[in-house]
Amino acid sequence: MAEFDNCRAKHGRARGFLDAWNPQAKTLALVAHVQAVLAEYREHLPLTARQIFYRLVAAHGFDKTNRDYKRLCEMLVSGRRAGVIPWDAIRDDGFTRASSDTYSDAGDFMKACRYTAEKHFRLDRQDGQRERLVVWCETSGMVPQLERVADRYGVPVFSSGGFDSVSVKHTIAREFAGYDVPVRVLHIGDHDPSGIHLFMSLAEDIGAFCKRYGGRVEFDRLAVLPGHIPQFGLVTAPPKPSDRRRFEGQTVQAESLPPDVLADLLRQGVESHFNMQVYLDVLDDEAAQRAALLEQFDDLDTDDE
DNA sequence: CGTCGTTGTCTGCGTGGCGT
DNA sequence: ACGCCACGCAGACAACGACG
């Protein structure tokens, strides 16, 4: 069995923790800026590297260039290895895990069931609404913070990270067609040529598939809208001259929306399509059923004694 | 001269646009 | 009408250049 320790790979790249990191002055300044961003957004941690980058551009006078972004990514790696940037502050969702839950014994399993009933018992919180809402996000890195808002309404958040393959669109369309009310997709993506085309292609494909299966779906562009640029003072860039697709005006990445603004936009978007009284009634019903469920668990406990 | 920073490259899939 | 190419996206690695 090989023994692993902090070390350097063949060509000098750090492995494990970096005990002796002596960043140069320029990098040290970058570290300070990143720490300021993390402090500013401590309510919304963890952030993706890209979200940090856009905040640096928007509020710290950084250039929005690919090389500056790469420099940030390299620093974030070294900085975390060296303990200067907290591990829990940066998120990367490109990882999946498959495993089964295990229990120490049957009693432990019952405890877990009670905990699940208490914390996770949910009714369909969209039950009784005239439409079924879904959030669709171009960037998978934004999903956790969108979910934080959407979950309380029972609204799912979808993302396939950049592009949407035809098999994904077909699967989802068939799922949409299974609902007895029309589906409304609230979409969040970049305001640039490929972002607009991704959105159009998504809406047209899912719309066509869904129609064939007897369902109905509407697509709303929630963000980024051209009007958001002046409204929130977003960082823009000219469209890449190499991209010949027709596009007017400046481009904006979805990550340049500050996390708190994004949360507000989503909350308003959901509530504008929600009958709030129906929603509150479901919440009441849910709480009552949960309480009844927990009583059953407590009765089981007393029987044991 | 060792350590640190920069840059090109890779991954997979869909897109527009060009050439055949 | 088709194939092919460049490009976009995010993040990390390897090679090489620069700093101290």
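In what follows, chains are A, B, ... by sequence order, proteins preceding strands, each numbered from 1.
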Q. Roughly, in whole Å, what's the span from CD1 in I52(A) to P in dA10(C)?
A. 14 Å
Q: Classify the nucleic acid contact of Q51(A) as base, sugar-phosphate or nothing, counting any heavy atom under 4.0 Å across all strands shown.
A: nothing
(Q) Taking V181(A)'s backbone N and O only, do any of them form a donor-acceptor pair with R130(A)'s side chain (distance below 3.5 Å, no angle check)? (A) no
Q) Considering only dG5(B), dC4(B), dC9(C), which nucleotide approaches the side chain of N22(A) most closely? A) dC4(B)
Q: Calculate the interatomic distance between I90(A) atom CD1 and dA10(C) atom P; express it in whole Å.
A: 15 Å
**Q.** Rounded interatomic separation in angstrom, taking CE from M75(A) and C1' from dA12(C)
**A.** 16 Å
**Q.** Out of dA10(C), dA12(C), dG20(C), whichever nucleotide has its closest atom nearest the side chain of Y69(A)
**A.** dA10(C)
(Q) Checking contacts here: which listed nucleotide (dG11(C), dG20(C), dC9(C)) is nearest the side-chain heavy atoms of T48(A)? (A) dG11(C)
Q | Protein-nucleotide distance (R81(A), atom CZ; dC13(C), atom C1'), rounded to Å | A | 11 Å
Q. What does S78(A) touch in the nucleic acid at a heavy-atom separation under 4.0 angstrom: a base, only the sugar-phosphate, or nothing?
A. nothing
**Q.** Distance in angstrom units between L202(A) CG and dG14(B) P, rounded
**A.** 13 Å
Q.
Can you tell me if W21(A) touches the phosphate of dG5(B), counting only side-chain N or O atoms and a distance under 4.0 Å to OP1 or OP2?
A. yes
Q. Between L72(A) (CG) and dT7(B) (P), how many Å, whole number?
A. 14 Å
Q) Between F176(A) and R132(A), is there a cation-pi geometry (under 6.0 Å to ring centre, at most 45° from the normal)? A) no
Q. Are the side chain of R80(A) and the backbone N or O of L76(A) linked by a donor-acceptor pair below 3.5 Å?
A. yes
Q. Is the backbone N or O of F274(A) less than 3.5 Å from a side-chain atom of Q129(A), with the two atoms forming a donor-acceptor pair by type?
A. no
(Q) Suppose we call a contact any N or O donor and acceptor under 3.5 Å apart; does that hold for the side chain of K70(A) and the base of dG5(B)? (A) no
Q: Please state how far atom CZ in F53(A) lies from atom C1' in dC9(C), giving the value in whole angstrom units.
A: 14 Å
Q | Any R71(A) side-chain N or O less than 4.0 Å from OP1/OP2 of dG5(B) | A | no
**Q.** Candidates dG8(B), dC4(B), dC13(C) - which lies nearest the side chain of E74(A)
**A.** dC13(C)
Q. Is the shortest side-chain N/O distance from K26(A) to OP1 or OP2 of dT6(B) below 4.0 Å?
A. yes
Q) Do Q289(A) and D285(A) have side-chain atoms, one donor and one acceptor, less than 3.5 Å apart? A) yes
Q) When the distance from CD of Q24(A) to P of dG20(C) is rounded to whole Å, what number comes out? A) 5 Å
